[in-house]
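Lettering follows sequence order; numbering is per chain, from 1.
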Amino acid sequence: MVQILRDISLFLQMKGENPFRSRAYDIAADRISGLSEDLGTLLREDRLKELPGIGQAISDKVAELMSTGRLSAYETLRAELPAGVLELVRVPELGPKKAVLLARELGVDSVDALEKACREGRVRHVAGFGEKSEANLLAGIELYRRSTTPRRLLGDVMPVAERLLTSVKNTPGVVRASVGGSLRRRAETVGDVDLIASAAEPGAVFDAFCRAPEVAHVIGRGESKCSVRLHDKDLQVDLRVLPDEDFATALHHFTGSRAHHLRLRGLAQDRGLKISEWGVHRADGTKLPVPDEAALYRLLDMQYIPPELREDTGEIEAALAGKLPEDLVAWEDIQGAVHAHSTWSDGRNSLEEMARAAQALGLKFLTVTEHSEAAIYAGGLKEDDLRRQWDEIDRVNDTVKGLRLLKGIEVDILESGALDYSDSVLEQLEVVIGSIHVRHGMDEDQMTRRLLQAFDNPHLHILGHPTGRLIQSRDPYPLRMEAVLDKAAERGVVVEVNGKPERLDLKTEHVRMATQRGVKLVVSCDAHRASDLENLAFAVATARRGWARRSDVLNTLPAERFISALREQRAG
DNA sequence: GCCGTTTTCGGCCCGACTGTTTTCAGTCG
């Protein structure tokens, strides 16, 4: 659905149609991809066109596509344009206009054909192209071929970005510096890294940046911007350097999201203001001081919106009305980490090592949740093993002061929906996470029933990684999420926001669906080694992106109250 | 295509960079 709308936008650009018309389809695609409500429900109740940016025409098209599986307007456009252009525009450097031109002039209908045309020197004879653009296209094609997964996991990019940021901050002359872009918004995947810095002399900062050992080559460099590609996975990094008085507006501009920023510019325009990375100006050209991002939002008479929420999924309306939650869960609120494995099952570090690492992060407790017996591949524990482990947990708790290991389990939810341990064992545990690890192939009805059945076991506290997805490598198993969350709310089952970078499960939209229903959450690290404890930060970010407040997240409570809250949830 | 408490028509966000240009179009973010 979303892809069809984006393709229509491209087709309209290719035809040279009104750019605002094309943009309308992109805006609608953004809107639909960020929905935290079921699209079918919205259509049935005829509420889709009430969303900002979606009107009658696009609503009708979405309805046609949903009911018939086809869209005549899309097919008409597609037929008017040369074959293969949708593949061509995926090549960096090649946009809709040039793609159509090359397709028409040279008859290229694929990236392979385009490469051949470049190598034969035919592209340089097309009006508007030259030898340089031919060489750039070849480089773009190479990049297109190499990048099987064009976006990278948040957790993979963050360490690289923070290293680069530190060296930029340490460059003489730099006043302030920050990451921007989807990385700062903590999106689950990021396409490139944006760094924004302020300094009086950009040139010197760019010189140092381009010499960094991570940099493979410099893509481009101007007065205020420099782009490089890293050795590491072809990652592109853009560095902007501006005067410090423009830092806040530049940071805001390059943090995005584009949709969020676009709406803000519109709001500014209504107030006779013009926002750009170079500051906020009145119509008469006078420049208003914007020392930080909070000041920018104040100028627009709205609450400050944290980066994680800037997706234009309702945060702007809420901030204008003063209804944006002020108590979003934050790293500082977290008392303990949930979901950790040790050498007892498939983890790499001992219980004591895990405990000391958690303590070093400033945490007060850590729930030890090994795999259960059915997870043979992961060294799942038999019930007897579990009792021996409790002895060691007691010893570590005596040794490591200031941090408490909680006795827990990540028990398999079996195919029938039963849990993999007897009730007599489960009732002795402080924290019971139930997860699905095998038999992902069940259909939507079966899988939904399996989970609902598991919720009937009163000893289950937390549903672990609810959809089983692995970002970019395994689809979520089919599930009626509304039904699962409805019953979780009804029965007091807490739901995990798993912070492992390839999981982030629940994902943002589902977090929002959960909190809207009053379902309580835990943020977890799913740690299999000591360094994985830092995954907790990605879980917190995902929860924030889903608008979760401190009170929605149970591991903001101290250990004793956390344990009792899990029980009270199930009892209540 | 969307939108509207000045508008149902006429606006719609803004700028950097590149390469091809003799003044600007395309791409990107």
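Separating the P atom of B:dC17 from that of B:dG11 is a span of 31 Å, rounded to the nearest Å. Comparing the P positions of B:dG1 and B:dT7 gives a spacing of 25 Å, expressed to the nearest Å. Spacing between B:dC13 and B:dC28 at atom C1', rounded to whole Å, works out to 15 Å. Rounded to the nearest Å, the gap between the C1' atom of B:dT8 and that of B:dG4 is 8 Å. Rounded to the nearest Å, the gap between the C1' atom of B:dC14 and that of B:dT20 is 23 Å. Going from the C1' atom of B:dG10 to that of B:dA16 covers 29 Å, rounded to whole Å.
Within the 4.0 angstrom heavy-atom criterion, no nucleotide atom of any strand lies near A:S227. Heavy atoms of A:L264 sit nowhere under 4.0 angstrom from any nucleic acid atom. Contact annotation for A:I27: no contact, since no heavy-atom pair falls under 4.0 Å across all strands. At the heavy-atom level, A:F254 lies nowhere under 4.0 Å from the strands shown. As judged by a 4.0 angstrom heavy-atom cut-off over every strand, A:N18 is placed among the base-contacting residues. Within 4.0 Å (heavy atoms only), A:R23 reaches at least one base atom of the nucleic acid.
Relative to the six-membered ring of A:F206, A:R221 misses at least one condition, a distance below 6.0 Å or an angle of at most 45° to the axis. Judged by a 6.0 Å distance limit and a 45° cone about the ring axis, A:K98 is positioned over the six-membered ring of A:F129.
Looking only at side-chain heavy atoms (C-beta outward), A:L273 and A:H281 stay at 4.5 Å or farther from each other. In this structure, the side chains of A:R503 and A:F538 stay at 4.5 Å or more apart for every pair of heavy atoms. Residues A:L504 and A:R469 are in side-chain contact: their nearest non-hydrogen atoms beyond the backbone lie under 4.5 Å apart. Side-chain atoms of A:K507 and A:T542, non-hydrogen and from C-beta on, never get closer than 4.5 Å to each other. Between A:L536 and A:V523 the shortest side-chain heavy-atom distance falls below 4.5 Å.
Comparing A:Q236 and A:Q269 along DNA chain B, the residue whose closest nucleotide (by nearest heavy atom) sits nearer the 5' end is A:Q269. Two residues, A:A127 and A:K61, neighbour DNA chain B, and the one matched to the more 5' nucleotide by heavy-atom proximity is A:K61.
Along DNA chain B, read 5' to 3', the first and last nucleotides having any atom under 4.0 Å from a heavy atom of chain A are B:dG1 to B:dG29.
Between A:H252 and A:H260, the ring-plane angle classifies as tilted under the 30° and 60° cut-offs. Aromatic ring orientation, A:Y297 versus A:Y304: perpendicular (interplanar angle above 60°, classes split at 30° and 60°).
The side chain to side chain contact (heavy atoms under 4.5 Å, CB included) test with A:P501 singles out one residue from A:N535, A:L154, A:D526, and that residue is A:N535.
Using a 4.0 Å cut-off between charged side-chain N and carboxylate O, A:K225 and A:E277 make no salt bridge. A salt bridge does not link A:R263 with A:E315: every distance from a Lys NZ or Arg NE/NH1/NH2 to an Asp or Glu carboxylate oxygen is 4.0 Å or more.
Within residues 95-113 of chain A, the residues approached by DNA chain B to less than 4.0 Å at the level of any non-hydrogen atom are A:G95, A:P96, A:K97, A:K98, in residue-number order. Contacts of residues 39-52 of chain A with DNA chain B (heavy atom under 4.0 Å): A:L51, A:P52.
Remark: B:dT8 base-pairs with no nucleotide; criterion is Watson-Crick or G-U wobble with both hydrogen-bond distances under 3.5 Å.
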